[in-house]
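I have placed the structure first, in the form of structure tokens, so that the comments after it can refer back to it.
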Amino acid sequence: MQQQTLKKKQAAVSSRVKTLEALFLGELANLQSVKYHSAQAVGVVFAVSLVVQAWALANVFSEMALHQSFSLSYLVIGLLALLMRAFANFARERICADASRAIRYDLRRKLLSHLTKLGPARLIIDEDAALSTRVYEQVDALDDYFSRYKPQVFMVALIPSVILLSVMSVSWITFFIFMLTAPLVILFMIFVGHKAAQANRRQFNVLAMLSNQFMDLSQGLAELKRLGRTREARDRLSDSATAYQKTTMGVLALAFLSTATLELFASLSIAMIALYLGLGLLEILPWQVGSSPVTLTQAMFLLLLAPEFYLPLRQLGNDYHAKQKAEAAATDLLEIMNAPIQSPHLQTQKKTSTTETETQPPSETAYYYAIDGQALLRFKDLSWFEEGRYRLAPINAHVSQGERIWISGESGVGKSSLLHLLLGFEENYQGQCLINGQPFRHLNLSNWRKNLAWLPQTPEWVNGSIRRNVLLGITPPSEQAIQTALIKSQCDAFIQALPDGLDTKLTELGSGLSGGQMQRLSIARALLSNADVWLLDEPCSGLDNETAQAVLTTLEQASKGKTLLIVSHDTHPILWADKHWVLTKRGLHE
Amino acid sequence: MSKKLSLKRLLLANPWYFAIPIVLGVISSLAGVALLGISGWFISATGLATAMGVGLAFNYLTPGAIVRLMAILRTAGRYGEQVTAHNHLLSLLRTLRLWVWDQRVAQNPANLHQQSRGDLLQRLVSDLDQIIRWPLVVFLPWLYALLSYGAVSLLAYIILPTLLWPLSIAALLHLLLVPYVCGQFASHAVHVGQILGVHRRSRFISVFSALITLTIRGHWQTYAQRLKQLDERQRQTEIRIQNAISLGRLGCYGVTIALLAVSLFMVGEYQADTGRWGLLADVQGTWVVGFTLSLLAVNELVLPLAQSFVAQGQSQVGLRRLNQLQPDPSIQDKKTIAPIQQMQFRTWRGFHAASGMGNAPIDLDIQTGDSIWIGGASGAGKSTLLAAMAGDCLSSGNALINNQTCELYNNPSYQAQLSYLPQSPYVFQQSIEANLRLGNPNATTESLWSVLDAVSLGDWARALPNGLNTLLSSQGRNLSGGQRKRLALARLLLRQAPILLLDEPFDGLDTHTIEKICESLQGPYKPNMLLLVSHVSSPLGNQSRKITL
């Protein structure tokens, strides 16, 4: 849905050059438009109190200079206006931070649910650890953009206009100084900013390269220690950092030129206005000798407003990196959001609940059974065509209850896709997939899934004890049943050797358990879940040959009586399988 | 370089590099305050001069020149400060990375393996990035504000010495109290936030790595709910930090307003006849204008302080985490070992620190010229035994080197004499040549080629368009497992260490390649002692003494 609107919007503004990232950020900001509008209203209060403060203080100052005394009411107005500014600033900050939080936490929820729906397909984008960086760190990297840059863009337009308006009636010359410098500042900002952005990017890349080098050498530190080459590696780190530092001065000098331009204009304008006003007050302006263009109060007023005129632009210049950072993060986030979901999980369930009544009549079910006989699974011209090529070539096959099937084939022919389809994560297939004679799409997905056990290449673990992990998501069976399953999967020996036995904690680091032992635990889990259909995706690919053979032998004995679909390369043949399917780009060969 | 890291050390790391941005920044900040103050004085003085009829005699050239000078100083100073400060930042980054490197080099192997996981290292790197910014975002703004206060005090002293009282109280509030209170108010939240961040991340990885199992069992929702709760808690800490910063800034404004009110109150007295506030007799109105304007300029310098002290809390959390890297001082066997002639192991057992799993105790004697093939069932602890013999893994029992008891674990002088090929060796993201030269930096190009031929990678390397200069991708991902292992083996062979320990070197290789490697290991690259763990039979294994675990 969101992508579609995004694409439409993109088409609409295709005449203007706007990147997908900028659009994405704009889209997100629109979600909180109410908050941004109120922030803008507060911004107006801020701008008005700015002018009031300048006016009141100007009066105080001129009276003080000329008469050595001043009216208290002006001072009170001036200080109240300053207080008003402080509160407006406070409110604006809170509102914008709130908007940014709402956007970010909402986006994070969306990302999480999207990743959930992607299921196994999420790993195409990246591994889980890297995804977590995107979901947490990268989303937070948007903060400065939404809380500072985005609202500041409005202030940059607002404050100078308000100041120009109030200056117009006071002094035309000052008005023109402002009017002339403002576009010049912006022009120079764009001109220098473009170069600076390039320089910035280059610096960013080289810094990333340095980080990369540090990471690489650090990860291989154990190896370097064994080779006795840590000193050389340290010199290498040191040298490249020093070399980079030396060459980077030029880049930095350019990168900061845009801020310097702004500063220069701001400073010079203040100085120019001060000089002009001073000379004017002395009545010795070359074109106006003997009379003053402004009164002292007006001069003070102009002087107080001069720095404020350039301040918002300067702040925007400082926050410019926030925009770059946000756009870089948006690239990574868009990759997740744009990954197509194959199975809108909830929709499927809704659909099944409505269609259930239609497919429920026993006669119809019996009819399907009559056709399919014993087949538990039947594929009819099942294929998956996407982006102009087959991810799974059309296949015809059937699996009976209790059959064990070895699926092999070169990578990329859709072996895993087939399993993902049976798990209910791929819906956009063509042809038919029948379960017990019922079309897969009409199936009650959660009931079907309860029948499944899933054993992927890297076993699925949560932080917690071995017990918690093998009982993950099932009602705890008796201790006897657990023991039986552990013996069947040949886990009992090594678990007994562990000091804490079944209660040994498994963390992300593992617990010193080998890959083979982890796979055996997966087998125990599958046994305990009482699932009839086991789906295995290259369970042995991470293991050495010997361990793999041992695991396969265990699997052979443990899975008797179950329906098994096991994907495995020819290097790990499943000799005890009832059937061997070879998937190729043209289809399936038994 | 092995001392504890502290914020003070960050400041003093490269004092000369740091002095330049400080001086430039101070000049720029003071010029900014002076620009506004002098302009205010100048305008009011000119106005006064004209009103008093002495306008033509007024010396406007000097103040005018000063105003322009200040404008230029402010710009040039700010620019120079930014450039040099970032240059300093880079040198700090270098210093700190080298510090982290030194700490990690001093770690013992078991800890090192634990820290070498990608995401932990990633966090380390981002901690570094966080704390190197401390001098720039916390220390420098604070220093500028302090010095501007000093400059304004000078002006206040000239106008009316008693003005120093409200000024010093305001300075105390602005520079110390408000930032401190903000920092305190937020510090707990900052701390909790950092811990939550780590926790949330590991929960995410843990839950998502079991996504499919949880989904098919219908329990995904409850687990996902927990992630949302953690996120909600994170949001609360974020709100708290934000509140601290915003309130701090509001407080700064309040202090400025009070300071303005009190100062203007002190320089004058109420004139009952006109209902106005008249300045004291010896106070110049024009100077007061300049003073008030400089106070407004100082206010701008003080505002960022509330935020910077919250950033200080973040830097401190980062520092604490980095300091945890410091290894415990361990006693190392410093004595050098004579060339190893024989090794004896008595009731020797290697085991992993975390689980205590390893091999059953063995007795083993090895002499120069020996070649031993260690076999045994999967899970018997062959790899652990070999790693312990390589000094990479904890062990129990006695090891005698040249008939002398010797601690093998983490003993550099022992490890200098051996080459150990672990099950998954690391290939660096460098060229093939650089990877090989880690074995022997002085090797000739011919010897590089011959060692590549020895592990039968020579033809592969010759076929590459860039030959030995081919850059390998991160962790050698563009190599197959077998190639990676052979490249690492080639690197070890270049070292020509007397003892060679090989863990499953033939996994995933065809018979022809295995024969070729065995030939090299029995011929030109024959080590004095060889220990081989392999489940595949090979010519090398067949000619070795075989022990089974």
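Numbered from 1 within each chain, the chains take letters A, B, ... in sequence-line order.
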Side chain, backbone, both or neither: which part of [X] has a non-hydrogen atom closer than 4.5 Å to chain A?
X      : result
B:F42  : side chain
B:L73  : neither
B:D392 : side chain
B:L250 : side chain
B:I43  : both
B:L93  : side chain
B:R235 : both
B:E238 : both
B:V100 : side chain
B:R249 : side chain
B:E232 : neither
B:P422 : side chain
B:A224 : neither
B:L296 : side chain

Under a 4.5 Å heavy-atom cut-off, does chain B meet the side chain of [X], its backbone, both or neither?
X      : result
A:A493 : neither
A:N89  : side chain
A:Q213 : neither
A:Q68  : both
A:K225 : side chain
A:R231 : neither
A:L75  : side chain
A:T295 : neither
A:T242 : both
A:L115 : both
A:F70  : both

Indicate yes or no: does A:E232 engage B:R437 in a salt bridge with an N to O separation below 4.0 Å.
no
Assess, by modelled atom type and distance only, whether the side chains of [X] and [Y] contain a donor and an acceptor separated by less than 3.5 Å.
X      : Y      : answer
B:T213 : A:E460 : yes
B:T215 : A:R449 : no
B:R276 : A:S69  : yes
B:T50  : A:E283 : no

Spatial distance of atom [atom1] ([X]) from atom [atom2] ([Y]) [nearest 0.5 Å]:
X      : Y      : atom1 : atom2 : value
B:I216 : A:S529 : CD1   : OG    : 7.5 Å
A:Q219 : B:R104 : CD    : CZ    : 8.5 Å
B:K228 : A:R109 : NZ    : CZ    : 7.5 Å
A:M64  : B:S44  : CE    : OG    : 8.0 Å
A:S238 : B:R97  : OG    : CZ    : 12.0 Å
B:T256 : A:L82  : OG1   : CG    : 7.5 Å

Highest number of heavy-atom pairs under 4.5 Å with chain B: which of A:L237, A:T116, A:L57?
A:T116
Sort out for me which of A:L277, A:L217, A:V76, A:D140 touches chain B most, counting heavy-atom pairs under 4.5 Å.
A:L217
Does any non-hydrogen side-chain atom of A:L112 lie less than 4.5 Å from one of B:F204?
yes
Does a side-chain heavy-atom distance below 4.5 Å link B:D102 with A:T230?
no
Pi-cation contact, B:Y420 with A:R226 (under 6.0 Å, within 45°)
no
May I ask you to check if B:R201 and A:Y136 form a cation-pi contact, with NZ or CZ under 6.0 angstrom from the six-membered ring centre and within 45° of the axis?
no
